[in-house]
Number of protein chains: 2
Amino acid sequence: MTRTPLADVACSIARATDLFSDAWTALIMRDVLTGIGRFDELARDLGISRKVLTARLSRLVEEGVLARERYQERPPRERYIATEKGRELYPVLLALMNWGDRWYAGETGPPARIHHLTCDRDTTMVAACAHCGERLTADNTTQLPGPGGRTGPGTEVIGPLIASRAAQQTPDANASNNPPSGPRPPGR
Amino acid sequence: MTRTPLADVACSIARATDLFSDAWTALIMRDVLTGIGRFDELARDLGISRKVLTARLSRLVEEGVLARERYQERPPRERYIATEKGRELYPVLLALMNWGDRWYAGETGPPARIHHLTCDRDTTMVAACAHCGERLTADNTTQLPGPGGRTGPGTEVIGPLIASRAAQQTPDANASNNPPSGPRPPGR
DNA sequence: CTGATAAGTTCCCTTAAGGAACTCGATGCG
DNA sequence: CGCATCGAGTTCCTTAAGGGAACTTATCAG
């Protein structure tokens, strides 16, 4: 099938989906972050083909999203746990869950709820601005080129488009307000 | 290939990924929400097979995520625009983008940045608790069963697991704090 | 010794993704 | 008037990824 590789596209969504967009990958992460880490449990919970599960788990370990850990020596037993990189996928899952709850829960209501231990309430995720805390929506934000942007496969049209937006801003409007991002690990 | 259908699983992540987990679907939504709506533009920007693009767009229109709109009569020309349901996928894209920025941006930095028009700053998304505004992480939250929860394919193991957690809470700990969710549209 | 459990592998078959060419209606242009 | 062009798909062929089910290997319980 030679699926188009997306890891090299100059777009973080493309890079993230290249690994993550697989339906199984999302559900595997859901399970692992919820505490289901054994191969057989995952296979049984998801009803996934064992062959595909093997492939997904290998990929996730290669990418450093999961780690394979021996949790018992005799008999030797392994389990998969999320690394920091894996745990940071949680907002993606929360965002997906929220959307699914809102548009597909139907009459019976959502299948699960999230309990925030810190404030001891059932809650939902809000996409908040890291600066002002207000809600971020497609309407109150715009996309501008970043330092790693370029035009190429996957950004053939969108690259020039957002570049033209930047040109319409006052020249150094953003000279001194970089986005607050955590320490960035070395990319691959 | 008979891909396992995930729409019927009692899990909002499964339901959401069933539609959304396709890599192309995410990138199509990125483009449409950024203002790229024409068939040829999408095909060219993404480098996607036109056949697959047709299939994805049809699916997205069927699901009510996109709408096909005639933007010019003579000659007749159509374009795709996001519905409310589609615009609400934005947090999912932001979460994916964030994660991709953090783990795959490398030396050159992220390919794009998000400008928050309301506070006029470049920003990133934070997954915030709808109640207290604090950051939600895999570590400070727990999953509990919701009204629509059940054990079945896709939740064979995880269903009973989170149900057992609920049993360990004080009986009516959450009797009066339902999650704040917007008006829920009728499911399908 | 038999059976069960965990964690994968192997094999075959179907189907979806890629790629490239082709269609079809409506202009635009010389 | 005739030809090229553009937008928006459709068709055809090949390849490879997913599903299903059986098989393997290692370890322990009874």
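By convention in this document, chain letters (A, B, ...) are assigned in the order of the sequence lines, proteins followed by strands, and residues within each chain are numbered from 1.
- Side-chain N/O atoms of Tyr80(A) include none lying less than 4.0 angstrom from OP1 or OP2 on dA6(C).
- If you measure from atom OH of Tyr71(A) to atom P of dT27(D), you get 15 Å, rounded to the nearest angstrom.
- Counting heavy atoms from C-beta outward, Leu144(B) and Ile162(B) have side chains that stay 4.5 Å or more apart.
- Contact check, Arg59(A) against dA17(D): no side-chain N or O comes under 4.0 Å of OP1 or OP2.
- When each of dG7(D), dA6(C), dT9(C) is scored by its nearest atom to the side-chain atoms of Arg38(B), the top-ranked nucleotide is dG7(D).
- Considering only the side chain of Val52(A), dG19(D) comes nearest among dT10(D), dG19(D), dG8(C).
- In this structure, Arg44(B) places its CZ atom 18 Å from C1' of dA20(C), rounding to the nearest Å.
- Atoms CD1 (Ile28(B)) and P (dA17(C)) sit 11 Å apart, rounded to a whole Å.
- Rounded to whole angstrom, the span from the CG atom of Leu53(B) across to the C1' atom of dT10(D) amounts to 13 Å.
- Between atom CG of residue Asp45(A) and atom CD1 of residue Ile36(A) there is a gap of 4.5 Å, rounded to the nearest 0.5 Å.
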Working for side-chain hydrogen bond (donor to acceptor under 3.5 Å, both in side chains), residues Asp122(A) and His131(B): CA-CA 9 Å; Asp122(A) 286 358; His131(B) 283 297; over 6 Å; no
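- Taking only side-chain nitrogens and oxygens, Trp24(A) never comes nearer than 4.0 Å to OP1 or OP2 of dA17(D).
- The interatomic distance linking Lys51(B) (NZ) with dT14(D) (C1') rounds to 10 Å, in whole Å.
- Listed nucleotides: dA7(C), dG19(D), dA17(C). Nearest to the side chain of Thr4(B): dG19(D).
- Ring geometry, Phe20(A) versus Trp99(B): the interplanar angle falls from 30° to 60°, so the pair is classed tilted.
- No side-chain heavy atom of Ser12(B) sits less than 4.5 Å from a side-chain heavy atom of Leu96(A).
- The nearest whole Å value for the distance from the CD1 atom in Ile36(B) to the P atom in dA8(D) is 13 Å.
- At whole-Å resolution of the value, CZ in Arg50(B) and C1' in dA21(C) are 11 Å apart.
- Between dA17(C), dA6(C), dG9(D), one nucleotide has an atom nearer to the side chain of Asp22(B) than all others, and that is dA17(C).
- For Arg79(A) and dA7(C), the shortest distance from a side-chain N or O to OP1 or OP2 is not below 4.0 Å.
- Counting non-hydrogen atoms under 4.0 angstrom, Arg70(A) reaches nothing in the nucleic acid.
- Among the heavy atoms of the strands lying under 4.0 Å from Arg56(A) are primed sugar atoms or P, OP1, OP2 only; no base atom is included.
- Between Glu69(B) atom CD and dA8(D) atom C1' the separation is 16 Å, expressed in whole Å.
- The residue among Arg77(A) and Ala55(A) whose nearest nucleotide of DNA chain D is located toward the 5' end is Ala55(A).
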